[in-house]
Number of protein chains: 2
Amino acid sequence: MDTRLKPRKTPVQGRSKATCDAVLEAAARILVEEGRSALTTNRIAERAGVSVGSLYQYFPGKEAIVAELIREMRRDMVVLLRRAVDAAATQAFRPAVGTLLAATLDHHTARPELARALEREEEDLPIDMETQVLKAELRGLIAGFLRERGVADAERCAFDLVAMCHGMASAAVRAGQDDTEGLKARLERAVLGYLGRPE
Amino acid sequence: MDTRLKPRKTPVQGRSKATCDAVLEAAARILVEEGRSALTTNRIAERAGVSVGSLYQYFPGKEAIVAELIREMRRDMVVLLRRAVDAAATQAFRPAVGTLLAATLDHHTARPELARALEREEEDLPIDMETQVLKAELRGLIAGFLRERGVADAERCAFDLVAMCHGMASAAVRAGQDDTEGLKARLERAVLGYLGRPE
DNA sequence: TGTGAAGATGAGCAATTACTCGCATAATCG
DNA sequence: CGATTATGCGAGTAATTGCTCATCTTCACA
């Protein structure tokens, strides 16, 4: 376990919890509004309205802050997707795919630029085991859904589908497209087309 | 025109051209082998076997070096794709798509990690106009192909297809998959499926 | 062969960065 | 109330970075 990516101390009082949250939120805002080059510990502390000392009391470095943001994001994704898989269980294939896509898009629509920025940061971080587990869980959920529906080579399909949806959603966000419904329709078209099930 | 992204001086003698090339190649190798955090001007000069002074004689900063690498990559892509579009003109739809996909994959297979690293760097750079033109040209080539084949909403389709192929190829490279043929087959499946033309 | 231009050098400067530490303040509890 | 613990502070430090410039070497050409 790389201790440099884990929070240093867990807050016990209310105000310290607030400090932690302020730091995380400030880091997120900086990433989105000022870019990754502006993400320095001093700047984070400044925007969070706390001192660098306080920051380092709870995080061993800025990488740990980013890693924590990533963990939060992945946790949210797992929750959303797990719920969607449950809901999709009783649906026909086509609407079930729609349900899953809606869930993955929810995550993107909440804070699209943040999601994109964090995914970009993730590639530079020595990947955390917890995050790795979460990502495997995501792929597993989708693979399980596909397998139950009789799709052959479910793991590979899940891999490709996640990749293509991710690519299309990222490109749409980058291009400033905010028509979520339209994007969802295009994703459905791509997914169903790939699966050879446009019925 | 942002002068900070353009080369500073064009080499006239042979040895200075060699210096330029050494710098560019060193930067590319560092990006792939040591990661973006290791990409410092001093390190580039060191790996290129030249002094920092020489580096700054031809590039106003490290961003200009990366920008030049990106320009090279985009130029190669345009050449490859233009040739593929020409070759595809006389082919039936299905093999034509295969020709185009082979071209885009060529670019990825030559130096996959470099392509990925550069695309990542590109997002942090104030996008160069020349690069912007090149990217528009790429989309235009594909949109033109689609339009000639009677595909509706060719621009949007080109956008989506580029995005999904890019997503799948990137994910495959990141996962260490080196089965180019298999990847191409999966891309064909995705593209033809999206276009609703599995015939 | 000599002379100016082109090229190469690398020590070192200014700016920025991550991070520490001694001390002040606030909460908790006997 | 103390006393203990948790929290907050921010100037300061060591290390790193991008980049310059005075100086030396190599080349082109009359």
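Chain letters run A, B, ... following the sequence lines, proteins first and then strands; every chain starts at 1. Values below: all heavy atoms of this structure, side chains included; hydrogens, waters and symmetry mates excluded.
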(request) For the pair A/Arg189 and B/Asp160, find out whether any cationic side-chain nitrogen is under 4.0 Å from an anionic carboxylate oxygen. (result) no
(message) I need the full list of side-chain hydrogen bond (donor to acceptor under 3.5 Å, both in side chains) pairs touching residues 139-150 of chain A, with sequence neighbours left out, sorted by first then second residue.
(response) A/Arg147-A/Glu155
(message) Keeping A/Thr109 on the side-chain end and A/Leu105 on the backbone end, is there a donor-acceptor pair under 3.5 Å?
(response) yes
(request) Could you list where the contact with chain A starts and ends along DNA chain C, reading 5' to 3', using a 4.0 Å heavy-atom cut-off? (result) C/dT17 to C/dA27
(message) Whether A/Glu63 and A/Lys6 form a salt bridge (side-chain N of Lys/Arg under 4.0 Å from carboxylate O of Asp/Glu) is what I want to check.
(response) no
(request) Find the distance B/Phe59:CZ to D/dG18:C1' and express it as a whole number of Å. (result) 16 Å
(message) As a quick check of understanding, evaluate side-chain contact (heavy atoms from CB on, under 4.5 Å) for B/Val162 and B/Leu138, giving each step before the final call.
(response) CA-CA 9 Å; B/Val162 168; B/Leu138 287 174; over 6 Å; no
(message) Whether B/Glu33 and B/Arg43 form a salt bridge (side-chain N of Lys/Arg under 4.0 Å from carboxylate O of Asp/Glu) is what I want to check.
(response) no
(message) Treating B/Lys184 as the side-chain partner and B/Leu101 as the backbone partner, does any N or O pair qualify as donor plus acceptor under 3.5 Å?
(response) no
(request) State, to 0.1 Å, how close A/Val23 and A/Ile65 come at their nearest heavy-atom pair, and which atoms those are. (result) CG1-CD1, 3.7 Å
(request) Please round to 10 degrees the angle between the axis of the first five pairs and the axis of the last five pairs in the helix from C/dT1-D/dA30 to C/dG30-D/dC1. (result) 10°
Give each protein N/O atom lying under 3.5 Å from an N/O atom of nucleotides 6-9 of chain D, with the pair distance.
from  : atom 1 : to      : atom 2 : distance (Å)
D/dT7 : OP1    : A/Val12 : N      : 3.0
D/dT7 : OP1    : A/Gln13 : N      : 3.1
D/dT7 : OP1    : A/Ser16 : OG     : 2.8
D/dT7 : O5'    : A/Tyr58 : OH     : 3.4
D/dT7 : O4'    : A/Arg15 : NH2    : 3.3
D/dG8 : OP1    : A/Arg15 : O      : 3.2
D/dG8 : OP1    : A/Thr19 : OG1    : 2.3
D/dG8 : OP2    : A/Thr19 : OG1    : 3.4
D/dG8 : OP2    : A/Tyr58 : OH     : 3.0
D/dG8 : N7     : A/Gln57 : OE1    : 3.3
D/dC9 : OP2    : A/Ser51 : N      : 3.2
D/dC9 : OP2    : A/Ser54 : OG     : 3.4

(request) Would you mind reading off the distance between B/Asn42 atom CG and D/dT17 atom P, rounded to a whole angstrom? (result) 7 Å
Pair up each side-chain donor or acceptor in residues 164-178 of chain A with any protein partner under 3.5 Å, not counting sequence neighbours, and list the distances.
from     : atom 1 : to       : atom 2 : distance (Å)
A/His166 : NE2    : A/Glu119 : OE1    : 2.6
A/Ser170 : OG     : A/His166 : O      : 3.0
A/Gln177 : OE1    : A/Arg186 : NH1    : 3.3
A/Gln177 : OE1    : A/Arg186 : NH2    : 3.3

(request) Would you indicate what A/Thr40 reaches in the nucleic acid, counting non-hydrogen atoms under 4.0 angstrom: base, sugar-phosphate, or nothing? (result) sugar-phosphate
(message) Measure CD1/A/Ile44 against C1'/D/dG10 and give the value in whole Å, please.
(response) 17 Å
(request) Kindly state each residue pair satisfying side-chain hydrogen bond (donor to acceptor under 3.5 Å, both in side chains) with at least one member in residues 77-86 of chain A, sequence neighbours excluded. (result) A/Arg82-A/Glu137
